[in-house]
Amino acid sequence: MLCRVTPSRRAAGVPVVTYGLIGLCALAFLLSPVSGAVPGHGGGDALLAAQNAYFERWGVIPHDLLRGSPHALLTPLTALFVHGGWLHLLGNMLFLHVFGAMTEERMGRVPFLLFYLGVGYLALFAYAAANVESRQTLVGASGAISGVLGAFLYLFPRARVTSLFPFLFFLPLRFPAWSVLIFWFVLQWLAARGAGEGPGVAYLAHVAGFGAGFLYAWGRYWRTDRVGAQTGATEGERQP
């Protein structure tokens, strides 16, 4: 299931930061050994070694992060632009495109960029703090994008989305955005409670990012009116 949100009013401008983040993530992935698009990374065992070295250099390793080396302290930022495969990248970027544009318009470009990086850092750090002995590498923009979803829930509580469900033969169904996002959050929470520290999806980072994004929007905008936008159509596939 995935949904696309379309505001009924004309946007104030092009969501430059949202598009820029999508472009940077795409470029970083294409140039990485994970994409397989650069012949110089070799093949077979050499390619696998290059991929492992890439993840270890730019991804978050909880065991190292909590010990505070200068390089490790920067990895929650670099990891936001590293993805483990095509589906990982496309799923995250699709959600960022869907919910990032309206959130950026509401916050403003520079505040939105700082919010995105800050909540992404916090989400990855929260996961590391809960798995202090883990040496599994954590990569991806999911924590930051989850923060965008949390902020969107507060800022646009009356927005409506149209979702496509593959198991219902892609029948389009309209729902309030708040119901879709709360349902998504509950799924992440339940998955986080049952997840171990081994390879897989870092659901706890999603939960932490979503909560931080919602709380930030509440603290920053509670004195101002929230926006209720009507919405339409969609496409999709994967959660961040």
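As the structure is a prediction and not an experimental result, all values here were calculated from the model.
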field: Over 12 non-hydrogen atoms of neighbours within 6.0 angstrom of CZ in Arg57
entry: no

Contact check, side chains of Phe112 and Thr103, non-hydrogen atoms, under 4.5 Å: yes

query: Under 4.5 Å between side-chain heavy atoms, hopping through other hydrophobics if needed: is there a path connecting Tyr203 to Leu122?
result: no

Nearest-0.5 Å distance that lies between atom CH2 in Trp58 and atom OG1 in Thr78: 6.5 Å

field: Non-hydrogen atoms of Ala141 and Asn92 that approach each other most closely
entry: N-ND2, 3.6 Å

query: Is there side-chain contact between Tyr116 and Leu21, with heavy atoms separated by less than 4.5 Å?
result: yes

field: Linked, directly or transitively: Leu114 and Tyr19 (ILVMFWY side chains, under 4.5 Å)
entry: no

message: What I'd like to find out is whether the side chain of Met93 reaches to under 4.5 Å of the side chain of His83, using heavy atoms alone.
response: yes

statement: Checking Phe214, Phe210, Phe99 against Phe152 for ring-ring contact (aromatic ring centres under 6.0 Å, His included), the one that qualifies is Phe99

query: What pair of heavy atoms forms the shortest contact from Ala208 to Ala126, and how long is it?
result: CB-CB, 3.7 Å

Tyr221 side chain reached by Arg106 side chain, heavy atoms, under 4.5 Å: yes

query: Of the non-hydrogen atoms in Leu65 and Ala128, which two are nearest, and what is the gap between them?
result: CD2-CB, 3.6 Å

- line: Smallest heavy-atom separation, Ser35 atom then Trp86 atom, equals O-NE1, 3.7 Å

task: With the side chain counted from C-beta on, respond yes when Tyr154 and Trp222 share a heavy-atom pair under 4.5 Å apart, and no when they do not.
output: yes

- prompt: If every non-hydrogen atom of Gly143 is compared with every non-hydrogen atom of His206, which pair is closest and at what distance?
  reply: N-CD2, 4.5 Å

query: Does the side chain of Val132 come within less than 4.5 Å of Pro62's, by heavy atoms?
result: no

- prompt: Do Phe29 and Leu47 share a hydrophobic cluster (ILVMFWY, side-chain heavy atoms under 4.5 Å, transitive)?
  reply: no

Phe95 CZ to Leu90 CG distance, which is reported to the nearest 0.5 Å: 13.0 Å

Cluster check Val186, Leu149: I/L/V/M/F/W/Y, side chain < 4.5 angstrom: yes

field: Gap between atom SG of Cys25 and atom CZ of Phe81 - 0.5 Å precision
entry: 5.5 Å

message: Quick check on side-chain contact (heavy atoms from CB on, under 4.5 Å): which of Leu80, Leu73, Val60, Leu74 does Tyr121 satisfy it with?
response: Leu73

message: Using the rule that Ile, Leu, Val, Met, Phe, Trp and Tyr join whenever any side-chain heavy atoms are under 4.5 Å apart, tell me whether Leu24 and Val119 fall into a single cluster.
response: yes

- request: Starting at CD of Glu56, measure out to CG of Asp64 and round the result to the nearest 0.5 Å.
  value: 9.0 Å

- request: Classify the side-chain pair Glu104/Thr18 by whether it contains a donor and acceptor separated by less than 3.5 Å.
  value: yes

- request: Would you mind reporting whether Phe115 and Val148 have side-chain heavy atoms less than 4.5 Å apart?
  value: yes

- prompt: Do you know the tightest heavy-atom contact between Gly140 and His88?
  reply: CA-CE1, 3.7 Å

task: Side-chain contact test, heavy atoms from C-beta onward, threshold under 4.5 Å: evaluate it for Thr75 versus Ile61 and give yes or no.
output: no

task: Report the distance from atom NE2 of His63 to atom CZ of Arg135, rounding to the nearest 0.5 Å.
output: 3.5 Å

